[in-house]
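Note that these values count all heavy atoms, side chains included, but never hydrogens, waters or copies made by symmetry.
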Amino acid sequence: MRRLSGIFLADNWLWMVLPVALCGVLAVWIDVRFVIVALMVLFVVLPMLLALLYFYYGFSPEARWSIMEKRATIDQAGITLDFTDERMKKHAILRDDVRYIIEKKDVWLMMLRGKRYTCFMLPTSVIDPDIAQRLRQLVPQAH
């Protein structure tokens, strides 16, 4: 969720700063009580929006797949996930479902089609150079 929050904040920082800045300007020109409104937006409204982000994306099936024990097989069709928990069935992430890959120091985020911030994560500790090369070939837009 930390990685996803960073991406969300990088994309939407303007919409979070704008109401606070607007209230600051209104506090200077119109009434000082707008400082209280700006603080309420900063410490109440924005954390609630981030909590909604957490519940919306943190409980998605893709987030569950990211943290469960699994074996991943990569072929030309995509990635097949075989979970060690017998209650979970095999799942395939098709090549066309991966929009792009973000390579971080400790994790690879595969941004998937569907909801805007839907992603599947693979730790770099399980990715050897051969698999990394195949993942880069899977989606040509690896960052």
Side-chain angles (χ1 to χ4, degrees), residues 1-28 32-143:
M1 203 56 213
R2 183 181 75 217
R3 297 284 183 201
L4 194 58
S5 296
I7 295 169
F8 179 81
L9 291 174
D11 288 349
N12 298 302
W13 68 272
L14 180 65
W15 299 111
M16 294 184 181
V17 171
L18 191 63
V20 175
L22 181 65
C23 288
V25 169
L26 290 174
V28 171
V32 178
R33 291 179 281 190
F34 278 105
V35 170
I36 296 170
V37 174
L39 291 173
M40 288 171 52
V41 167
L42 184 64
F43 293 114
V44 176
V45 175
L46 291 180
M48 287 295 132
L49 289 175
L50 292 176
L52 287 174
L53 174 78
Y54 175 79
F55 285 111
Y56 191 67
Y57 290 105
F59 291 132
S60 68
E62 294 84 3
R64 187 176 64 231
W65 301 337
S66 296
I67 62 171
M68 292 186 71
E69 276 190 51
K70 64 193 155 300
R71 186 179 38 199
T73 311
I74 300 170
D75 56 10
Q76 289 297 65
I79 302 169
T80 303
L81 305 174
D82 188 19
F83 298 99
T84 57
D85 188 359
E86 63 273 354
R87 293 175 291 176
M88 292 290 294
K89 58 182 178 179
K90 281 187 177 183
H91 187 76
I93 298 173
L94 301 176
R95 179 181 183 172
D96 296 336
D97 289 343
V98 180
R99 289 187 297 166
Y100 58 92
I101 298 173
I102 301 172
E103 298 179 37
K104 297 288 185 176
K105 184 175 72 171
D106 59 342
V107 71
W108 282 38
L109 288 117
M110 288 180 247
M111 303 306 285
L112 304 175
R113 300 210 186 280
K115 298 181 277 187
R116 185 172 180 186
Y117 296 104
T118 302
C119 67
F120 174 71
M121 293 183 238
L122 278 176
T124 55
S125 61
V126 299
I127 300 175
D128 62 12
D130 180 45
I131 293 176
Q133 185 62 27
R134 285 198 277 166
L135 280 173
R136 286 186 190 101
Q137 290 173 354
L138 183 70
V139 178
Q141 307 170 358
H143 292 82

Asker: Any side-chain heavy-atom pair from Trp65 and Pro61 closer than 4.5 angstrom?
Answerer: yes
Asker: Report all side-chain donor-acceptor pairs from residues 7-24 shorter than 3.5 Å, counting only partners two or more places apart or in another chain.
Answerer:
| from | atom 1 | to | atom 2 | distance (Å) |
| --- | --- | --- | --- | --- |
| Asp11 | OD2 | Tyr117 | OH | 3.1 |
| Asn12 | ND2 | Phe8 | O | 3.1 |
| Asn12 | ND2 | Tyr117 | OH | 3.2 |

Asker: Please examine the side chains of Trp108 and Ile102, heavy atoms only from C-beta on, and report whether any two atoms are closer than 4.5 Å.
Answerer: no
Asker: Please report, to 0.1 Å, the donor-acceptor pairs under 3.5 Å made by any side chain of residues 32-46, with sequence neighbours excluded.
Answerer:
| from | atom 1 | to | atom 2 | distance (Å) |
| --- | --- | --- | --- | --- |
| Arg33 | NE | Asp31 | OD2 | 2.7 |
| Arg33 | NH2 | Asp31 | OD2 | 2.6 |

Asker: Rounded to the nearest 0.5 Å, how far does NE2 of His91 lie from CG of Asp82?
Answerer: 13.0 Å
Asker: Looking at CG of Leu50 and CG of Leu52, how far apart are the two atoms once the value is rounded to the nearest 0.5 Å?
Answerer: 9.0 Å
Asker: Does Val98 reach the side chain of Met111, with side-chain heavy atoms less than 4.5 Å apart?
Answerer: no
Asker: Would you say Lys90's side chain and Phe83's backbone share a donor-acceptor pair under 3.5 angstrom?
Answerer: no
Asker: Treating Ser66 as the side-chain partner and Glu62 as the backbone partner, does any N or O pair qualify as donor plus acceptor under 3.5 Å?
Answerer: yes
Asker: Under the 3.5 angstrom rule, does the side chain of Arg113 hit a backbone N or O of Asp96 as a donor-acceptor pair?
Answerer: yes
Asker: Atom CG in Leu53, atom CE in Met48: separation rounded to 0.5 Å?
Answerer: 13.5 Å
Asker: Quick one: CD1 on Ile93 to CG on Leu112, what's the gap to the nearest 0.5 Å?
Answerer: 5.5 Å
Asker: Rounded to the nearest 0.5 Å, how far apart are CZ of Phe120 and CE of Met110?
Answerer: 5.5 Å
Asker: Starting at CG of Leu122, measure out to CD of Glu103 and round the result to the nearest 0.5 Å.
Answerer: 11.5 Å
